Structures are given as structure tokens and as C-alpha cells.
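Encoded as C-alpha cells, the structure appears first; notes follow it.
Everything quoted here is computed from the prediction, not taken from an experiment.
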Amino acid sequence: MSQEQQPQRKKIAATEQMMKIMSEYFYDLNDAGQSAIRKVAWCTSVGPAELLRAMGFAVHFPENHAAMLGATRMATTLIPEANTIGYSPDICSYLTADIGAYLKGTSPLAKAYPGIEAPPRPDVLVFNTNQCRDVQDWFSWYAKELNVPCIGITSPKNFTEVSDILIDDVSRQIEALIPALEEISGAPLNMQRLRETVALSRECTELWRQVLETAASAPAPLTFFDGTIHMGPAVVLRGTRQAVDYYRQLLAELEQRIADRIGAVDDEQYRIYWEGMPIWGRLRQHSELFAGLHASVLVSTYCSSWIFPDFNADEPIRSMAKAYLGLFIVRSDAYKENYIKRMLEKFQIDGIIYHDAKTCPCNSNSRYGMPQRVEQETGIPSLVISGDLNDLRCVSDEQTRTNVEAFIEQLEERRC
Ligand code: SF4
């Protein structure tokens, strides 16, 4: 495709407000880290953030930091630092990039937010293995290195239904965290505050769902690549008023785009589903590659993972257990396939891209025949691209481009 044909990427005006609230979040976190009074908890991205927030902790999410290392393309040179202390290049490149950054004493926060040098030192590390075991290994390393307690939830895996037995199990594990957290925070859990926090998370997640579902319109007003950026508040600020207010603003803008028939991609011809992790260091290139082919990658499992319809302020702990058990990544292939099939229909999808991320097997669903089974049942073709979330040594730009171009041609031929 020639330069003249290259469609323009459309800027979302709400981005400015998102950057403002993210900046406030990071400066507040930094202040908490420097304060003698406020306590800092590190939490996995789908860990019990509501509980921590309700107990007054400032909450840092190392996966968010690791994704920033990926997006700024710092990760690839930092990963070997973690390899030298025994963490294989084949395991989670969020883990290896983040530990590598710590060992090297560097952080993308320093460049983005003058005055911040690094993530704040934790008073406690809280994990949930609902996504993978790597998060526990990751936090355990920091626990030893920084001599801080590491507690968490060991989640069941590969189930199809979220049964009462599973919810009971995880609820009890969440309750068991409370005494330790009370001791560290120095105050008892205020159940009313927890209810309010869960209610805010519910509101945030509902708005985030509505934001993502605007992409069911044709043309879709936002892409997966936009979503990876705008999901920031849903990850690090769920349970706060700021996140709720932000998603109202973003939703209004996207609804206006729908009313004006403005697509995120000019002359949208093909509608694509992205399954798996983003390649953080290639977001812009991939966004431009697909837009240049008039293909809108408009929905993904990844961004939808922060939709938690089960939060309920009347049953805060039990509903947190249910919500975090409902996560796509922790479910059986049977559940995942049904979920993907529903999404293909709802968003009128022409083709699926599966990203086989070298260091994240849990979020790479192309390895056990799923693309073939889904295609057999839906007739919707797919392409598997090899890469990684953070380690760009696993990414072949040329091969990705060639394969994506051939895939879009294949979609075109199917219409003839
Ligand atoms: S789900 Fe994948 S990317 Fe996320 S922490 Fe686990 S291994 Fe890393």
C-alpha cells in the first residue's frame, strides 16, 4: 500500500483526560511510597484491588508497569537481567522485564512523570493466581528481595462453570487475607467502605463494557489498539470515582462518533477479532498495518477481561470472588470457545487473529486446536501470529506484515 493510501489514525479526544487521571494516580502512588503514614500494596491486575483500596492502601499494579516497559520498548534489553538471576527467557516477559528494570534501577515512570524514579516500595504484595502461576513467582521474588509479606489467592483453573463451591473457596481465601492486611494497614476493614468501593468497580466495569461494545457498530468507533490504552483506568483505578467519570466521558465521545458514522478506521472493510495479548512494543505499527488494509481490529478478549458484571455491593467479598473467577483466562477451552463464538456474532467478525505469545502460554489459545475448532463451527477464518507481549526478539515484523496482508486478501477472496 502506498503512503498516499495510508489511512490516518483518529485521535480520541478523551485521551487527554485519561492521561491526566493516570498522571494523578502515579503521583499519588509516589507520594504514598514516600509517606510514613500511608501504606502501599502491590496487586496483580485481576487481584482483590477493591479490598486493598477500601483498606486505605495505595495500590500499584506491576503488570501495568511491565506493560509500560513493553510499550516504551525498554523491556527487551531488561529481560536478560532477570535471566541472569535464574528466570528463564521462556517465562512471562512481564515478570522478567519488571524484575530486570528493578535490577537495573530504571523505570518508564521516570520519563513520563518527572520527579518519580520508580514504583513505590510495597508494604505488602497481594496476588491472585487466576491468570497464571507467574504472578506468584514474580511477587515472591520481590517479597524476598524487599523483605515484605506476600499473601494471596490460589485460584482454581480450567473450569467451565463458576460454581458455588468455587466461589466459597475463593471467598474464604479473600476473607483470610483480611487479618494480615488489617495488621499492616493498622486499621480494621470498614465493610461500608468496601461496599462503596465494589459499587464503584461495578460502575466502572459496566461503563467499560459499554465503551467496548460501541465497536459492535459499523463502522466501529474504536479499535483494540485504542482499547489497550484506554483500559488503563479500568486496571489501575477501578473502585474509584475518577475511573467512572472518565469512562462516562469516553463513552459519550464514542457514541457521538457512532451518531456521526465516524469509524476508527477509514473505509472499514473487514472486522477482526484479536485473541491473546497485545504486542506492546508494536501497538502503533499494528494499528497502522491493519488500518492501511481497511481492517478494523475492533474487539478482543484481552480488553474485555476487565469487564466484571458480577460485582455486587450487597455481597462485596462473595461477589469479588465470583467476578475474579469469571475471568476468561482461567476458564476451560469449552467456555472460551463458546465465549469467542458469541463475540464473533455480536461484533459481526470476518476473521480472527490469534497472537501466540511466546512467554504467555496461559493467554495464547492457539496451541491446542482452538482456531481450527472455532473455524469449523463458525466458518470464520483465522491467522496465528507468533510474537510476544514484551520480548521483541520473538517478533518478526516482516513475517507479521506478510501474513496479515495475505490473510486480508483471503478475506477479500471469500467475498468474491
Ligand atoms: S497472564 Fe501471561 S502476561 Fe500476564 S502475568 Fe501471566 S504469564 Fe505474564
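- Screening residues 148-167 for side chain to side chain donor-acceptor pair (under 3.5 Å) gives Thr160-Ser332 as the qualifying pairs, with residues at least two apart or on separate chains.
- Inspection of the Gln131 and Glu63 side chains reveals an N or O donor paired with an N or O acceptor under 3.5 Å.
- Distance CD1/Ile279 to CG/Asn390: 10.5 Å, rounded to 0.5 Å.
- Among residues at least two apart or in separate chains, there is no ring pair (Phe, Tyr, Trp, His ring centres under 6.0 Å) pair with a member in residues 352-391.
- Under the salt bridge (Lys or Arg N to Asp or Glu O under 4.0 Å) criterion, the residue pairs touching residues 41-57 are Glu50-Arg238, with sequence neighbours excluded.
- Just one residue in the list Thr77, Leu78, Thr106 forms a side chain to side chain contact (heavy atoms under 4.5 Å, CB included) with Leu69, and that residue is Leu78.
- Remark: the Asn403 side chain and the Gln399 side chain contain no N/O donor-acceptor pair separated by less than 3.5 Å.
- More than 12 heavy atoms of other residues, nucleotides or ligands shown are found within 6.0 angstrom of CD on Glu145.
- Note that NZ of Lys358 and CG of Asp391 are 9.0 Å apart. Values are rounded to the nearest 0.5 Å.
- With sequence neighbours excluded, no residue forms a side chain to side chain donor-acceptor pair (under 3.5 Å) with Gln285.
- We find the CZ-NE2 distance between Arg271 and His294 to be 15.5 Å, quoted to the nearest 0.5 Å.
- The aromatic rings of Trp274 and His286 lie tilted to each other, with the angle between the two planes from 30° to 60°.
- Residues Ile21 and Pro233 share a closest heavy-atom pair of CD1-CG, 4.0 Å.
- Under 4.0 Å is where a charged nitrogen must lie from a carboxylate oxygen, and between Glu405 and Arg401 at least one such pair does.
- Side-chain contact annotation: Tyr25 with Thr240, donor-acceptor N/O pair under 3.5 Å absent.
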Would Ser300 and Glu275 count as a side-chain contact (heavy atoms from CB on, under 4.5 Å) here? Give the steps.
CA-CA 6 Å; Ser300 67; Glu275 166 46 43; over 6 Å; no

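- Counting only residues at least two apart or on different chains, the side chain to side chain donor-acceptor pair (under 3.5 Å) pairs with a member in residues 32-44 are Asp28-Arg38.
- For Asp356, the side chain to side chain donor-acceptor pair (under 3.5 Å) partners are Arg367, not counting sequence neighbours.
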